[in-house]
Amino acid sequence: MRLLLIEDDLMIGESVLDLLRDEGYAVDWVKDGDMAHTTLGTQSYDLVLLDLGLPKRDGLAVLRALRARKDRTPVLITTARDSVGQRIEGLDAGADDYVVKPYDLDELLARIRALVRRAAGRAEPVYTYQGVSIDPATREVSAQGLPVVLSSREWALLQLLMARPGTIFSRKQLEEKLYSWKDEVSSNAIEVYIHGLRKKLGNGLIQNIRGVGYMIPTVDP
């Protein structure tokens with residue numbers, strides 16, 4: 001999953017960036033409202049973490065422009081603006097959730113997981129298919145009841161596919177979901193991770209739609 005962090009406070013930004021990357025997310029970070037507006041107009045994300053008190057362009061202006069384009073990307077406001085009126089204004093402007101600084105990092109992760117589930121049309125916290133289960137909260141994976149150890153990229157790819165069964169992702173789309181701006185991507189990286197997942201979890205889990213991409217079916221046989 002690829003997230004956009006919009007935060008001008010360097011200390012907060014660095015700590016959140018490290019936290020999210022440790023959790024397996026690909027993260028891009030911008031530090032002012034103009035760059036946020038430009039980035040959101042050219043790149044798609046699974047979720048946006050939006051500070052409101054930004055230089056050059058206020059966060060609410062960024063949010064309103066995003067929603068004016070009919071962009072449904074989940075937005076989690078993270079701000080020091082803590083009055084009830086300000087929270088209402090943020091939510092009415094199109095935010096999906098609102099957390100006030102200083103926030104607990106574990107709570108932030110839980111809110112991100114909830115918004116990602118909601119965007120994927122899922123309510124259940126644990127994803128299960130063909131004897132394979134993953135728990136995004138703990139990053140635990142099991143196959144036929146036995147624990148399985150995945151690399152961080154394998155985990156990110158599996159979570160993406162299992163969160164949206166029936167959705168076909170091309171290799172390019174998977175690369176865009178798994179890598180941030182600064183990451184180097186080898187030409188066969190996705191194929192390597194798919195091979196690793198099939199070796200650990202079984203060949204029938206991830207289907208290759210020839211010439212199109214990869215998916216996990218909607219119906220568990």
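- Cluster membership for Y179 and L17, using ILVMFWY side-chain heavy atoms within less than 4.5 angstrom, is shared.
- Looking only at side-chain heavy atoms (C-beta outward), V148 and W155 stay at 4.5 Å or farther from each other.
- Residues L4 and V16 do not share a hydrophobic cluster, clusters being chains of Ile/Leu/Val/Met/Phe/Trp/Tyr side chains in contact below 4.5 Å.
- Applying the salt bridge (charged side-chain N to carboxylate O under 4.0 Å, His left out) criterion to D58, with sequence neighbours excluded, gives R81.
- In terms of modelled atom types and a separation under 3.5 Å, the side chain of K31 and the main chain of D9 share no donor-acceptor contact.
- Contact record, P125 with P136: O-CD, 3.1 Å, taken as the closest heavy-atom pair.
- Taken to the nearest 0.5 Å, the CD atom of Q159 stands 10.0 Å off from the CG atom of L178.
- The minimum heavy-atom distance linking F169 with L161 is given by the pair CD1-CD2, 3.7 Å.
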| request: List the steps and the verdict of side chain to side chain contact (heavy atoms under 4.5 Å, CB included) for L157 and I194. | output: CA-CA 8 Å; L157 178 55; I194 294 288; 3.6 Å; yes
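- V100 and L5 fall into different hydrophobic clusters, where Ile, Leu, Val, Met, Phe, Trp and Tyr side chains are chained together by heavy-atom contacts under 4.5 Å.
- For R198, there are no salt bridge (charged side-chain N to carboxylate O under 4.0 Å, His left out) partners, not counting sequence neighbours.
- One distance of note links CG of L54 with NZ of K56; it measures 11.5 Å at 0.5 Å rounding.
- Within the 4.5 Å cutoff, the side chain of Y129 has heavy atoms near those of the M162 side chain.
- Taking both residues in full, the closest heavy atoms of I77 and A95 are given as CD1-CB, 3.5 Å, listed atom of the first, atom of the second, then distance.
- Counting heavy atoms from C-beta on, the side chains of V126 and T128 come closer than 4.5 Å.
- In this structure, OG on S170 lies 10.5 Å from OH on Y214, to the nearest 0.5 angstrom.
- Using a distance-only test at 3.5 Å, with no hydrogens or angles considered, no donor-acceptor pair links the side chain of T39 to the main chain of A36.
- No chain of hydrophobic side-chain contacts below 4.5 Å, direct or via other Ile, Leu, Val, Met, Phe, Trp or Tyr residues, connects L52 to W29.
- You'll find the side chain of V30 stays beyond 4.5 Å of the side chain of D32, heavy atoms only.
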| query | Does the salt bridge (Lys or Arg N to Asp or Glu O under 4.0 Å) test come out yes or no for R153 and D183, once each step is laid out? | reply | CA-CA 12 Å; R153 296 288 189 201; D183 294 326; 3.7 Å; yes
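- A salt bridge links R57 with D34: the distance from a Lys NZ or Arg NE/NH1/NH2 to an Asp or Glu carboxylate oxygen falls below 4.0 Å.
- Between I168 and Q173, the shortest heavy-atom contact is O-OE1, 3.7 Å.
- Shown here is M35, whose CE atom has no more than 12 heavy atoms of other residues, nucleotides or ligands within 6.0 Å.
- Of the possible donor and acceptor atoms, none in the side chain of E175 sits under 3.5 Å from a partner among the backbone N and O of K172.
- Between the CD atom in Q144 and the OG atom in S133 there is a gap of 9.0 Å [rounded to 0.5 Å].
- Rounded to the nearest 0.5 Å, atoms CE (M1) and CD1 (I112) are 11.5 Å apart.
- Residues L20 and L10 share a hydrophobic cluster, clusters being chains of Ile/Leu/Val/Met/Phe/Trp/Tyr side chains in contact below 4.5 Å.
- Between V141 and L201, some side-chain heavy-atom pair lies under the 4.5 Å cut-off.
- No donor-acceptor contact under 3.5 angstrom links the side chains of Y25 and D46, judged on distance only.
- The closest side-chain heavy-atom distance from L40 to Y45 is below 4.5 Å.
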| request: Please step through side chain to side chain contact (heavy atoms under 4.5 Å, CB included) for the pair N203 and L205, ending with a clear verdict. | output: CA-CA 6 Å; N203 289 326; L205 180 66; over 6 Å; no
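- The two residues T73 and L66 have their closest heavy-atom pair at O-CD2, 4.4 Å.
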| message | Under the criterion side chain to side chain contact (heavy atoms under 4.5 Å, CB included), I'd like the reasoning laid out for E23 against S152: C-alpha separation, chi angles, the key distance, then a yes or no. | response | CA-CA 8 Å; E23 290 294 314; S152 60; over 6 Å; no
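- Here the side chains of L76 and L108 are in contact, with some heavy-atom distance below 4.5 Å.
- Looking at Q43 and R2, their side chains come closer than 4.5 Å, going by heavy atoms from C-beta outward.
- Salt bridge present: R171 and E191 bring a charged side-chain N and a carboxylate O closer than 4.0 Å.
- For the pair S83 (side chain) and Q86 (backbone), a donor-acceptor distance under 3.5 Å is present.
- Heavy atoms only, all atoms of each residue included: P217 and P165 are closest at O-CB, 3.5 Å.
- Seen from the ring of Y127, R122 counts as a face-on cation partner, given the 6.0 Å and 45° thresholds.
- Pairs passing the salt bridge (Lys or Arg N to Asp or Glu O under 4.0 Å) check and including a residue from residues 87-105, sequence neighbours excluded, read E7-K101, D51-K101, R64-E89, R67-D96, D97-R111.
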| When you look at Y98 and L50, which way does the side chain to side chain contact (heavy atoms under 4.5 Å, CB included) test go after all the steps? | CA-CA 9 Å; Y98 195 110; L50 174 64; over 6 Å; no
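- T42 contributes a side-chain N or O that, together with a main-chain N or O of T38, makes up a donor-acceptor pair within less than 3.5 Å.
- Between the CG atom in L158 and the CD1 atom in I216 there is a gap of 5.5 Å [rounded to 0.5 Å].
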